[in-house]
Amino acid sequence: MRDAVDDFLDQWAARRSDLDLDAMGAVGRVLRLSRLVDAHLKEYFAQHGLETWEFDVLATLRRGGGPLTAKSLAESVMISSAALTHRVDRLVARGLVARESVPGDRRSLHITLTDAGRDLVDAAVEGHVQNQRKLLSALDGDDRAEFSRMLRTLLVSLGDTH
């Protein structure tokens, strides 16, 4: 079985047989997989009236179990504080999250889910889990576990530990 990356690698090998292309193949596949998964997730979340980033913020708040500071929320969803401010503004306008001052710290804000935000994320998350399982259905349980283990190893090696 061949994929599109095999064609790219064949072209490089024909022009530069001196290159070891294993890493290029692996990284190319990770990038293509990321794009394909992103497209499927976007399609799924659109069915719930959500953008992928909206689900990410709402799910982070939901699984956290309580209010999060803007700083910790930005770190968790891996965006800048400026980007988070813009996203929170949009979610506040939709009535999905609320901002609250942190007692004793006028510069910090807590971000919390509203009831509507909690209901929306709860409605979307079950199907999201099923959708992810479908996206990985070409792998059996042992292969999924090994794939996850290898990805974790790479993420940790690149500094993604928290």
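Here the structure is a predicted model, which means the values were calculated and not measured. Side chains are part of it too, since the values below use all heavy atoms of this structure and drop only hydrogens, waters and symmetry mates.
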query = F55 and H48: aromatic ring centres closer than 6.0 Å?
reply =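 Centroid distance F55-H48: not below 6.0 Å, so no.
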Is there a donor-acceptor contact under 3.5 Å from the side chain of [X] to the main chain of [Y]?
X: Y44; Y: N131; result: no
X: S157; Y: L154; result: yes
X: T153; Y: R149; result: yes
X: T114; Y: G95; result: yes
X: D6; Y: F8; result: no

Just verifying a value: how many Å separate [X] [atom1] and [Y] [atom2], rounded to the nearest 0.5 Å?
X: L139; Y: S148; atom1: CG; atom2: OG; result: 11.0 Å
X: I79; Y: D56; atom1: CD1; atom2: CG; result: 8.0 Å
X: L84; Y: I111; atom1: CG; atom2: CD1; result: 6.5 Å
X: S72; Y: H110; atom1: OG; atom2: NE2; result: 7.5 Å
X: D38; Y: T52; atom1: CG; atom2: OG1; result: 7.0 Å
X: L58; Y: R63; atom1: CG; atom2: CZ; result: 11.0 Å

Same cluster for [X] and [Y] if Ile/Leu/Val/Met/Phe/Trp/Tyr side chains link at under 4.5 Å?
X: L33; Y: M150; result: no
X: L36; Y: F45; result: no
X: V27; Y: L151; result: no
X: V37; Y: L136; result: yes
X: L109; Y: L73; result: no

Going by an N to O cut-off under 4.0 Å, is there a salt bridge joining [X] and [Y]?
X: R87; Y: E54; value: no
X: D160; Y: R152; value: no
X: R118; Y: D115; value: yes
X: D10; Y: R2; value: yes

request  = Start with the C-alpha distance between D3 and R32, add both sets of side-chain angles, then the distance that settles side-chain contact (heavy atoms from CB on, under 4.5 Å), and finish with yes or no.
outcome  = CA-CA 10 Å; D3 63 16; R32 290 179 72 82; over 6 Å; no
request  = Report, as yes or no, whether the 6.0 Å neighbourhood of atom CD on E126 holds more than 12 heavy atoms from other residues, nucleotides or ligands.
outcome  = no
ask   = Do other residues, nucleotides or ligands put more than 12 heavy atoms under 6.0 Å from the CD atom of E146?
value =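 Correct, the count exceeds 12.
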Grab the two heavy atoms, one from [X] and one from [Y], that are nearest each other, plus how far apart they are.
X: S76; Y: T60; value: OG-CG2, 3.2 Å
X: R62; Y: D122; value: NE-OD1, 2.8 Å
X: L61; Y: T112; value: CD1-C, 4.4 Å

ask   = Which other residues belong to the hydrophobic cluster containing V156, where Ile, Leu, Val, Met, Phe, Trp and Tyr are joined when side-chain heavy atoms lie under 4.5 Å apart, directly or via other members?
value =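 None; V156 is a cluster of one.
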Members sharing L21's hydrophobic cluster (side chains within less than 4.5 Å) = V5, L9, W12, L19, M24
ask   = Can you name the residues that form a salt bridge (charged side-chain N to carboxylate O under 4.0 Å, His left out) with D140, not counting sequence neighbours?
value = none
key: Trace of the side-chain contact (heavy atoms from CB on, under 4.5 Å) decision for K42 with W53   = CA-CA 9 Å; K42 183 176 181 177; W53 68 263; over 6 Å; no
request  = Taking the side chain as every heavy atom from C-beta outward, state whether L120 and R94 have any atom pair closer than 4.5 Å.
outcome  = yes
